[in-house]
K.L.:
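I'd like to ask some things about the structure below.
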Amino acid sequence: DNKILLGLSILKGSKTDFCNLVPKERDNNGQFYNLANLCKRVSGGRLFKDQIDLMIKAGALDDIGNKFNYSRNDMLQMTVPVFKTVAKLKRKTIAGQYDLFDGENQLKDIDILPATRMPDTNEDKFMWEKEIFGVAITAEHPLSTYELPDKRFIFAGVVSEFTTADRVDVIGICTEVKHILTKKGLPMAFISLEDLDLRTCSGAIFPKTYQKFGKKLDALKGCGISVSAIINPNRGELNVLDVSELKKRSYVNGKTRPI
């Protein structure tokens, strides 16, 4: 089908015994037809909730989600009650009240839907996939959902190529904000930016500048920003002078309007 299939072992944080159990159970007893069915059949002697969550975040269960109109966020909310039901059925089975598979109707996903359905945002998928794979597989880079500024700018990854102390406007996703105090006890901060090619740069916001907008920095984490700064060529980082949030791209009929 012109698709590249990735094994479970490629997921960061996956466990070997779980990676071996899932395909073995599928091959021996058939496809997993819903989330509860999967959780029950791979629970074994221990509950692999963290591994199921990993599969959900990676998109490995998107086929099940699409079948029942569940988002990844929905399924992440469902794993706790599902596993609690599995554990309860196991206890009753051990007590001889009924066979585990006789409790099948109690494991229908429809009975344990989250009270509040949560659609997946592009930012959700990007964060999960980057964490698990190192790169996004199905999600757009969040920066691509913002409009590019009209003024001249450079992307975050280009900063390290400068050899002179130029004043520039740099755009990227703000991935980290760290507040500290100087030796004199004055507040300042460091920020990290990431561009479409996952290249990064960092910037220092010194006390005088921090007084202007330091309190709004945390709200900009995860957002597309434009940073006016002077490049420190010796350190390959920015001396930040000003920060502003980029505008989100407009959508037409569900698709982004070309920039």
K.L.:
Please name the residue in the list His141, Glu131, Glu140 that meets the side-chain contact (heavy atoms from CB on, under 4.5 Å) test with Phe126.
P.N.:
His141

K.L.:
Taking Gly65's backbone N and O only, do any of them form a donor-acceptor pair with Asp62's side chain (distance below 3.5 Å, no angle check)?
P.N.:
no

K.L.:
To check you understand the geometry: which heavy-atom pair defines the closest contact between Ile64 and Phe32, and what is its length?
P.N.:
CD1-O, 4.0 Å

K.L.:
Within this structure, what is the CE-CG distance for the pair Met55 and Leu61, rounded to the nearest 0.5 Å?
P.N.:
4.5 Å

K.L.:
For a quick test of reading the model, state the closest non-hydrogen atom pair linking Tyr146 to Cys223 and the distance between them.
P.N.:
OH-CA, 3.4 Å

K.L.:
Judged by atom type as modelled, is there a donor-acceptor pair below 3.5 Å linking the side chain of Arg167 to the main-chain atoms of Ala229?
P.N.:
no

K.L.:
For the residue pair Phe18 and Val42, establish whether any side-chain heavy-atom pair is separated by less than 4.5 Å.
P.N.:
yes

K.L.:
What I want to check is whether the side chains of Arg117 and Ser71 have a donor and an acceptor closer together than 3.5 Å.
P.N.:
no

K.L.:
Locate the shortest heavy-atom distance separating Asp74 from Asn69; write the atom from each residue and the value.
P.N.:
OD2-O, 4.3 Å

K.L.:
For Asp53 and Thr79, what are the C-alpha separation, side-chain angles and deciding distance, and is it a side chain to side chain donor-acceptor pair (under 3.5 Å)?
P.N.:
CA-CA 8 Å; Asp53 286 349; Thr79 53; 3.1 Å; yes

K.L.:
Looking at every non-hydrogen atom in both residues, tell me the closest pair between Ala156 and Cys201 and how far apart they are.
P.N.:
O-CB, 3.4 Å

K.L.:
Within the 3.5 Å criterion, strictly below it, is a donor on Thr138 or Glu129 matched to an acceptor on the partner's side chain?
P.N.:
yes

K.L.:
For the pair Arg41 and Glu25, find out whether any cationic side-chain nitrogen is under 4.0 Å from an anionic carboxylate oxygen.
P.N.:
yes

K.L.:
Give, for atom CG of Leu54 and atom NZ of Lys12, the distance between the pair rounded to the nearest 0.5 Å.
P.N.:
10.5 Å

K.L.:
Is the number of heavy atoms from other residues, nucleotides or ligands under 6.0 Å of Lys248 NZ greater than 12?
P.N.:
yes

K.L.:
Have Asn73 and Asp120 got a donor and an acceptor in their side chains that come within less than 3.5 Å?
P.N.:
yes

K.L.:
Can any side-chain N or O of Asp195 pair as donor or acceptor with the backbone N or O of Phe155 at less than 3.5 Å?
P.N.:
no

K.L.:
So which pairs with a foot in residues 200-226 pass salt bridge (Lys or Arg N to Asp or Glu O under 4.0 Å), sequence neighbours left out?
P.N.:
none

K.L.:
Is it true that a side-chain atom of Arg72 and a backbone atom of Lys57 form a donor plus acceptor pair closer than 3.5 Å?
P.N.:
yes

K.L.:
From the options Leu193, Ile171, Ile205, select the one residue that forms a side-chain contact (heavy atoms from CB on, under 4.5 Å) with Val227.
P.N.:
Leu193

K.L.:
Is a side-chain donor or acceptor of Asn232 paired with a backbone partner of Asn234 at a separation under 3.5 angstrom?
P.N.:
yes

K.L.:
Looking only at non-hydrogen atoms, find the nearest pair between Pro114 and Met78 and report the distance.
P.N.:
CD-CG, 3.5 Å

K.L.:
Looking at Ile230 and Ala165, what are the two nearest heavy atoms and their distance?
P.N.:
CG2-O, 3.9 Å

K.L.:
Run the numbers on Glu161 and Ile154 for side chain to side chain contact (heavy atoms under 4.5 Å, CB included), then give the verdict.
P.N.:
CA-CA 11 Å; Glu161 300 175 9; Ile154 62 173; over 6 Å; no

K.L.:
Please work out whether the ring planes of His179 and Tyr210 are parallel, tilted or perpendicular, with thresholds of 30° and 60°.
P.N.:
perpendicular

K.L.:
Would you say that Phe48 contacts Leu21 through its side chain, given a criterion of any heavy-atom pair below 4.5 Å between the two side chains?
P.N.:
yes

K.L.:
How are the rings of Tyr70 and Phe68 set relative to one another: parallel (under 30°), tilted (30 to 60°) or perpendicular (over 60°)?
P.N.:
parallel

